[in-house]
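In what follows, a single structure is set out as structure tokens and then discussed.
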There are 2 protein chains.
Amino acid sequence: MRAAGRVMDKSSNNTGEEEAEAGRPTLKTLAFMTGLGVTTVSRALKDAPEIGAETRKRVQLVARQIGYRPNRAGVRLRTGKTNVISVVLNTTEQIGGFLSDFIYGISERLAATPYHLVVAPYSHNNDPMEPIRYVVETGSADGIIISRTEPNDPRVRYLTERGFPFAAHGRTAMGIEHAYHDFDNETFARLAVRRLAELGRRRLALLAPPPALTYHQHMRGGFLDELDRHGQSEAPFSSVSSDNIIDDIRRHTIELMRRTGRPDGIICGAGGPAFALIAGIEAAGFKLGRDVDLVAKEPFNLLQLVRPEIHVVEEDFRLAGRDLATAVLSSIDDRSAAPMQRLVVPAEVIAPR
Amino acid sequence: MRAAGRVMDKSSNNTGEEEAEAGRPTLKTLAFMTGLGVTTVSRALKDAPEIGAETRKRVQLVARQIGYRPNRAGVRLRTGKTNVISVVLNTTEQIGGFLSDFIYGISERLAATPYHLVVAPYSHNNDPMEPIRYVVETGSADGIIISRTEPNDPRVRYLTERGFPFAAHGRTAMGIEHAYHDFDNETFARLAVRRLAELGRRRLALLAPPPALTYHQHMRGGFLDELDRHGQSEAPFSSVSSDNIIDDIRRHTIELMRRTGRPDGIICGAGGPAFALIAGIEAAGFKLGRDVDLVAKEPFNLLQLVRPEIHVVEEDFRLAGRDLATAVLSSIDDRSAAPMQRLVVPAEVIAPR
DNA sequence: GCAATATACTGAAACGTTACAGATTCTCCA
DNA sequence: TGGAGAATCTGTAACGTTTCAGTATATTGC
């Protein structure tokens, strides 16, 4: 009864507006259809307490029926909320790219939310800060995911100073508590060294990530310390990093294997470059599993498939993506909440099959 | 003189507005600073002819100085223009993912434009039409890039009917002229068969993409026809496609190699799955290059690195990304222009090194 | 029976932009 | 000299949303 009365009132009030009934439904359309004011509709849709229960249901029903979807630009203009997560990526990123799974992981987490994922690239010759500044200055996202984290990362400092929600793939070492997801590369290195020790390998080389990245330290730290415990020695291999292009790695590996102090065990801190390592080892005339053992990260389950004689540790980038998305979302939700920090500790080295 | 006079006028006119001087500069800020109206500023920035040359320069100078950047939400709300390209991806996509390069290619092309790239995922169990409908209905992008194109693709029909700019990775066969970038998989298959014929291989198997996808037809077409020309026969291998998970492919390959009519040549229509093929061949006790030859796509230059005895054809996904981005942009720019259609024809099969 | 208060709704304004429909000044020609 | 027309600028409205400051009606307390 009440409802009906109001409907009559309002519809006659609103008829001046000449509803075209074309295009996407907006709040105005809903207001017209329900006979309510735009404000009421807006509030009813977000379950505001000052709207009658019946009205709320009615509005929501109609909205669902006609497939109302809030206009993102409208919301964004009014509130500043973009419903966007920006993932900043280095386009000169490594071989073969773990990136697919990373992106899929993020998407997966975002799928059930109103958030969109935008990919903001930067190339090696640009300033990594540039896309970050852009996002913050133009407010083009509600949160940022960064990767290739450094111990003293200007992006982390910048974002923290401004209180802008973000999560990093990798840790820092600058006394700032921030959200991150990281793979425990120290443990990875330890496990790898230990395995090679078990196999009787005495002289090990490590293909590490570039020194600037935090996980270089972690990996080398674990490597060196564990080397010490087992009385093994290092075959220096720092002329190249897992960031180099395939051919560089292959060439340097050949050179490494031909040195006097060549290693009998190699550890590779990434997936793709392991292929180049293998190629180099074999090109130098050595045989995997006999002359030298290799422990590598296995990001796509392809490595051990073609070279069953290598030892692998699995790293899950899809999980990293999901985790980081979750972390940013909760940062956005409550900026003062404790940042999500997850360290994934590898449990085992998978032996050759 | 003139300019100065106007500045005085306008600034006194505008002083009612109490410029806070905080936050991002907007047109209003610029208007205040230059002493012009916001309309004039807006037009000056986009080089409208009805604005005096001097004014235009002045406005643009000030804009550059204070780092003015148009508010995307404002533009989008007013004009409907989003400056967004949406790339719709299947998150259950294949092994190892060529996706990184694809995305990087798109980003690369978009970098110098005002466009952002948003990734819209769908999983195997969802309707592939869903993200497409979402984008079109909510107008959340100016253009779409789709992949995994089918001969009679409902997405292509839908987008064409609505005149929505898009480009497809792959062709269709439905009498619709649309923008695409495609790798010539027919030629790929022909080259592969020819190479295997040269090697004396008589009985060939093809690991094709799923039958639903257009390039399945192309690849199989070229394969069968060329098979005929050389008087070779086919070893049926349709129980599995290059979309299957690694382990399925490996198992089916073992089974294939143990059959009576086992192949002495195999062609693999994708990069990742080749690893599984190799594993299967070897698990069945055969040797690559001796018992059987393999021709595969090489998307990341990793395959031949660890298995120098295989023959590869390079497919460049970064180029595909760049191309598709270019195609959508030009579609957006002029909807009636002839759609960009590019077929990349592979020239050679790279022999083992 | 009347004020105070709670309940359920409302219009107007604002976010930043562009399109529309003028307004003002200047130039040039009859 | 006067008026048409070009050149250059202007304010207002609108896109769809949320917030602010109400208004009207119903309910309560005394």
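In what follows, chains carry the letters A, B, and so on, assigned in the order in which the sequence lines appear, proteins first and then strands, with residues in each chain numbered from 1. What's counted below: heavy atoms across the whole structure, side chains too, no hydrogens, waters or symmetry copies.
With rounding to whole Å, N71(B) atom CG is found 17 Å from dA14(C) atom P. Separating the CZ atom of R24(B) from the C1' atom of dG16(C) is a distance of 9 Å, rounded to the nearest angstrom. Here dT24(C) presents its P atom at 17 Å from CG of L36(B), a figure rounded to the nearest Å. The distance from atom CD of E50(A) to atom P of dT18(D) is 13 Å, rounded to the nearest whole Å. Atoms CG (D47(A)) and P (dT18(D)) sit 13 Å apart, rounded to a whole Å. Across the protein-nucleic acid pair, R78(A) atom CZ and dA14(D) atom C1' stand 16 Å apart, rounded to whole Å. Counting to the nearest Å, the C1' atom of dA12(C) and the CG atom of L27(A) are 15 Å from each other. Distance, K81(B) NZ to dA19(C) C1': 17 Å, rounded to whole Å.
Between Y104(A) and L99(B) there is a side-chain heavy-atom pair separated by less than 4.5 Å.
Using a 4.0 Å heavy-atom cutoff across all strands shown, T79(A) reaches sugar-phosphate atoms only and no base atom. At the heavy-atom level, I51(A) lies under 4.0 Å from the strands shown only through sugar-phosphate atoms. Within 4.0 Å of R43(A), counting heavy atoms only, lies at least one base atom of the nucleic acid. If you check every strand for non-hydrogen atoms under 4.0 Å, S42(A) touches a base.
Between F102(A) and H169(A), the closest heavy-atom pair is CE1-ND1, 3.9 Å.
Taking side-chain N and O atoms only, T39(B) has no distance below 4.0 Å to OP1 or OP2 of dC9(D). Under 4.0 angstrom from either OP1 or OP2 of dT18(C) there lies at least one side-chain N or O belonging to K46(B).
Each of G52(A) and R69(B) has a nearest nucleotide on DNA chain C; the 5'-most of these lies closest to G52(A). The 5' end of DNA chain D is approached more closely, in terms of each residue's nearest nucleotide, by V38(B) than by the other of Y68(A) and V38(B).
Which of dC9(C), dT8(D), dT17(D) sits closest to the side chain of T40(A) comes down to dC9(C).
If you run side chain to side chain donor-acceptor pair (under 3.5 Å) between Q341(B) and each of R171(B), E177(B), H181(B), only E177(B) comes through.
Using a 30° and 60° split on the angle between ring planes, H178(B) and F166(B) fall in the parallel class, below 30°.
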Determine, stepwise, if the pair I85(B) / I144(B) fulfils side chain to side chain contact (heavy atoms under 4.5 Å, CB included). CA-CA 6 Å; I85(B) 302 294; I144(B) 295 185; over 6 Å; no
